[in-house]
Novice: 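Sending over a structure as structure tokens; questions will come in a sec.
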Amino acid sequence: MRKVLLSILLTSSVLAWAGDVIVSSPDGQLQVTVSLQNGRAFYAASLQGQEFLHPSALGLKTSIADFTKGLTLINSEVQPVEEHYTMRGTKASSADYNANQLTLDFQNKDSMRFSIVFQVSTNDIAFRYDIPRQKYQGKDYKRALIRSEVSSFNFPDGTTTFISPQIGPETGWEQTKPSYEEWYSADAPMDTPSPYGHGYIFPALFHLPNAWALVSETGVGSNYCGSHLSDYQAGMGYTVAYPDRGENNGFGSDFAGIPLPGSTPWRTITVGNTLRPIVETTISYDLVKPLYEPSTEYQAGRYTWSWLIWQDNSINYDDQVKFIDLASAMGFEYCLVDNWWDTQIGRDRIAELSKYAQSKGVHLLLWYNSNGFANDAPQGPRDCMNTAIAREREMKWMQSIGIKGIKVDFFGGDKQETMRLYEDILSDANRYGLQVVFHGCTIPRGWERMYPNYVASEAVLASENVFFNEQAAIRQPFDLTLHPFCRNTTASMDWGGIIMNKYMSKDNKSRHTRKTTDIFELASGIIMQTSVQCVAMQPNNLEELPQFEKDFLRQLPTTWDETRFIDGYPGKYIILARRHGDRWHIAGLNALKEPLTLTLDISTFGLEQPQLYIDNKKGEPMLTTVKADKKGMVKVTIQPNGGLIIQ
């Protein structure tokens with residue numbers, strides 16, 4: 001391949017040099033150009049002829065060879081990729097993935113070989129590295145350690161960020177971090193240093209001068225470590241970074257090991273001139289396959305959860321009966337019994353509680369500590385999920401008493417050793433018909449499709465912080481209008497509660513208030529995507545809430561066949577439409593300090609005289625009807641920290 005001058009490489013637009021290799025999306029709008037410069041590989045990208053990614057580095061260092069320099073291209077091939085698939089529990093129940101795949105075969109100065117594979121679809125770029133089994137100086141290499149990557153994302157000057165910092169190991173409460181629970185920036189400059197010196201987590205949202213881009217990864221299970229982004233470096237951008245050595249209490253490697261032939265996970269970039277491709281992308285799932293068959297037909301639904309407001313003292317038999325009765329009265333499928341149930345209720349009485357719940361048409365979900373080694377979190381049950389023998393005993397018992405799912409908390413970071421634990425828990429749980437939610441954890445990376453009993457992960461500064469911290473309550477509208485564009489667009493998110501109490505207290509009269517309106521909370525049940533959704537009602541809400549709010553929650557879907565972005569801006573407001581069956585639900589949230597007036601086109605949603613849930617000027621909930629004009633347009637005003645539902 002023809003060498004490109006470094007000065008051009010760092011500053012030019014994407015050009016088709018004579019030796020470059022180019023691959024485009026099937027519609028021709030998205031283009032990736034791969035070049036060699038002084039034996040180093042780079043890629044750049046444009047959308048509709050406009051550059052959005054300056055030349056960015058490619059390559060990795062392994063135990064068998066350095067694949068970052070001295071490279072020669074020996075072959076390239078382009079072929080189409082087409083797939084239709086169905087799945088449960090995400091923003092869409094089916095997808096058609098059409099891409100062009102470019103495979104580039106390289107060798108280094110020692111004739112050691114590897115490949116870079118790009119797949120380019122409408123608005124999505126994905127790439128990974130493949131290493132074949134090979135011989136060098138008489139040795140047959142059947143395995144490799146992947147020590148680091150130089151893979152980078154070099155966005156244009158003027159790009160701003162919506163990103164969350166990675167925090168160091170052995171930090172936070174009882175040394176439980178990193179757990180993907182830090183604040184996000186809002187249109188911050190790229191050169192803003194990470195406050196903890198560890199870069200930034202996936203997914204990462206970027207506002208380019210003329211476009212939007214979302215960077216993440218998918219396909220990480222026991223096969224690899226989880227990755228994140230480095231701090232920004234001028235002229236280079238952000239690079240892929242591996243886990244800190246101190247994660248998982250220092251146990252396990254801070255790099256990855258693979259058999260040969262083998263591959264790395266996919267790095268993904270979703271790009272659009274608007275935010276619609278960002279919100280609607282399915283790239284996290286397009287690139288992975290199911291790893292096993294479901295052992296049963298897993299049921300989506302809603303659950304009650306005493307712990308959010310009533311906290312640890314509520315983990316007793318009598319209080320859990322109250323939340324089971326609440327779930328039954330609301331027609332919810334589940335009740336989550338949180339930490340300390342093993343000592344505060346006991347296993348025999350949990351069996352009784354499960355039998356009682358089933359008599360009321362409800363099934364229990366149980367909380368577990370992941371292992372007890374990665375951090376100092378004291379909550380029990382402990383040491384039930386960290387070994388195959390312990391899991392087998394525990395899950396067999398749960399199946400025998402009718403438990404339908406587990407919430408496993410407090411993991412140790414992103415090392416391959418920890419990723420193996422996630423996968424082992426999921427695989428074992430599937431044998432016993434258990435769905436799984438993770439908390440205090442990493443982000444999921446294609447897991448809804450890879451593991452059919454996986455539901456969602458927290459991996460976000462979630463609702464419990466609204467209880468703990470008034471500042472988090474103040475930030476809740478910002479968070480829930482940001483995550484549809486980043487965290488929740490790449491994977492299911494267990495935010496942990498449509499909060500209906502006015503005050504963050506059991507008596508609903510003390511401590512700090514919730515800062516959002518009732519309609520905001522109801523609408524968040526549509527905006528936040530997870531197939532098993534927490535409705536954090538309290539028993540007192542049965543008497544306090546207006547009937548139409550309770551009726552809405554009783555019929556709230558948690559699975560979606562289609563999702564459409566209508567309008568919004570990260571951290572300011574969001575309007576989404578989601579379809580369940582043949583019925584569309586439009587929801588909106590406003591995080592601004594002033595009312596937001598919008599004219600929405602609802603002509604394509606088949607809504608005839610739809611119901612409108614909205615707040616009045618005092619922030620009080622209202623249910624009325626709305627009629628579109630002849631063009632299908634409706635004008636609505638969403639109050640500050642308020643919401644909107646049209647269905």
Side-chain angles (χ1 to χ4, degrees), residues 1-60 66-81 98-109 111-131 149-157 159 208-211 213 215 233 235-240 263-264 266-271:
M1 296 176 70
R2 182 170 296 179
K3 296 177 181 178
V4 183
L5 294 176
L6 182 60
S7 60
I8 295 175
L9 183 64
L10 296 179
T11 61
S12 72
S13 60
V14 179
L15 300 174
W17 293 84
D20 294 347
V21 181
I22 298 172
V23 61
S24 299
S25 57
D27 64 3
Q29 299 297 301
L30 181 58
Q31 178 177 292
V32 173
T33 302
V34 182
S35 303
L36 277 180
Q37 190 274 323
N38 293 332
R40 297 177 184 269
F42 296 84
Y43 74 110
S46 63
L47 179 67
Q48 297 176 354
Q50 296 294 313
E51 180 183 80
F52 71 88
L53 191 69
H54 289 323
S56 304
L58 293 165
L60 67 170
D66 183 345
F67 294 121
T68 67
K69 60 185 179 181
L71 303 179
T72 302
L73 180 66
I74 56 177
N75 187 53
S76 66
E77 179 183 5
V78 176
Q79 61 182 9
V81 175
N98 298 285
N100 286 323
Q101 182 187 86
L102 168 65
T103 302
L104 303 115
D105 300 323
F106 293 91
Q107 66 181 21
N108 69 3
K109 60 183 178 59
S111 298
M112 297 292 284
R113 292 170 289 116
F114 86 118
S115 301
I116 305 174
V117 181
F118 279 91
Q119 288 188 187
V120 184
S121 56
T122 303
N123 297 107
D124 291 300
I125 297 169
F127 67 91
R128 76 178 188 199
Y129 303 102
D130 292 351
I131 304 176
E149 292 183 36
V150 296
S151 311
S152 68
F153 309 89
N154 190 15
F155 294 112
D157 291 345
T159 295
L208 286 61
N210 297 306
V215 177
Q233 300 177 66
M236 294 180 60
Y238 301 86
T239 57
V240 169
S263 303
T264 68
W266 294 97
R267 316 301 178 202
T268 65
I269 309 168
T270 301
V271 63

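Just so it is clear, the structure is predicted and the values come from calculations on it, not from any experiment.
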Novice: For L30, is there any backbone N or O sitting under 3.5 Å from a side-chain donor or acceptor partner on S25?
Specialist: yes
Novice: How far does CD of Q31 sit from CD1 of I22, to the nearest 0.5 angstrom?
Specialist: 4.5 Å
Novice: Among all residues two or more places apart in sequence or in another chain, which pass the salt bridge (charged side-chain N to carboxylate O under 4.0 Å, His left out) test with R128?
Specialist: D130
Novice: Can you name the side chain to side chain contact (heavy atoms under 4.5 Å, CB included) partners of Q48, sequence neighbours left out?
Specialist: Q29, N273
Novice: Where do I116 and A41 come nearest, in terms of heavy atoms and distance?
Specialist: CD1-CB, 4.4 Å
Novice: Side chains of H54 and P156: does their closest heavy-atom pair fall under 4.5 Å?
Specialist: yes
Novice: Mind checking whether F127 and L102 have side chains closer than 4.5 Å, heavy atoms only?
Specialist: no
Novice: Would you check if the side chain of Y129 reaches a backbone N or O of S263 as a donor-acceptor pair within less than 3.5 Å?
Specialist: no
Novice: Measuring only between side-chain heavy atoms, which start at C-beta, is V81 closer than 4.5 Å to Q119?
Specialist: yes
Novice: Looking at I269 and A213, what are the two nearest heavy atoms and their distance?
Specialist: CG2-CB, 4.4 Å
Novice: Any side-chain heavy atom of V150 sitting closer than 4.5 Å to one from L60?
Specialist: no
Novice: Just wondering, do F114 and N108 contact through their side chains at under 4.5 Å, heavy atoms?
Specialist: no
Novice: Which pairs of donor and acceptor atoms, one on a side chain in residues 66-73, lie under 3.5 Å apart (sequence neighbours left out)?
Specialist:
unit_1	atom_1	unit_2	atom_2	d
D66	OD1	T68	N	2.9
D66	OD1	T68	OG1	2.6

Novice: Would you name the heavy atoms of I131 and R113 that are closest together and state the gap between them?
Specialist: CG2-O, 4.2 Å
Novice: Mind checking what makes side chain to side chain donor-acceptor pair (under 3.5 Å) contact with T239, not counting sequence neighbours?
Specialist: S230
Novice: Looking at S35 and F42, would you say the former's side chain and the latter's main chain have a donor-acceptor pair under 3.5 Å?
Specialist: no
Novice: Looking only at atom types and distance, does a side-chain atom of D105 sit under 3.5 Å from a main-chain N or O of S115, one as donor and one as acceptor?
Specialist: no
Novice: Dump the intermediate steps for side chain to side chain contact (heavy atoms under 4.5 Å, CB included) on E77 and Q101, then the final yes or no.
Specialist: CA-CA 8 Å; E77 179 183 5; Q101 182 187 86; over 6 Å; no
Novice: Quick one: ring-ring contact (aromatic ring centres under 6.0 Å, His included) partners of Y238, sequence neighbours excluded?
Specialist: F206, Y232
Novice: Quick one: does V215's side chain get under 4.5 Å of T268's, heavy atoms only?
Specialist: no
Novice: Please list, chain by chain and in numerical order, all residues satisfying side chain to side chain donor-acceptor pair (under 3.5 Å) with T159, sequence neighbours excluded.
Specialist: none
Novice: Answer with yes or no after comparing the ring centroid distance for F155 and F52 against a 6.0 Å cut-off, counting only values under it.
Specialist: no
Novice: Output the distance between atom CG (N75) and atom CD (Q107), rounded to the nearest 0.5 Å.
Specialist: 11.5 Å
Novice: If you measure from CG on N210 to CG on L208, what distance do you get to the nearest 0.5 Å?
Specialist: 8.0 Å
Novice: Is the backbone N or O of S152 less than 3.5 Å from a side-chain atom of Y43, with the two atoms forming a donor-acceptor pair by type?
Specialist: yes
Novice: How many angstroms lie between CG in D20 and CG in L36, if you round to the nearest 0.5 Å?
Specialist: 9.0 Å
Novice: Looking at side-chain heavy atoms only, is the closest gap between I74 and F106 below 4.5 Å?
Specialist: no
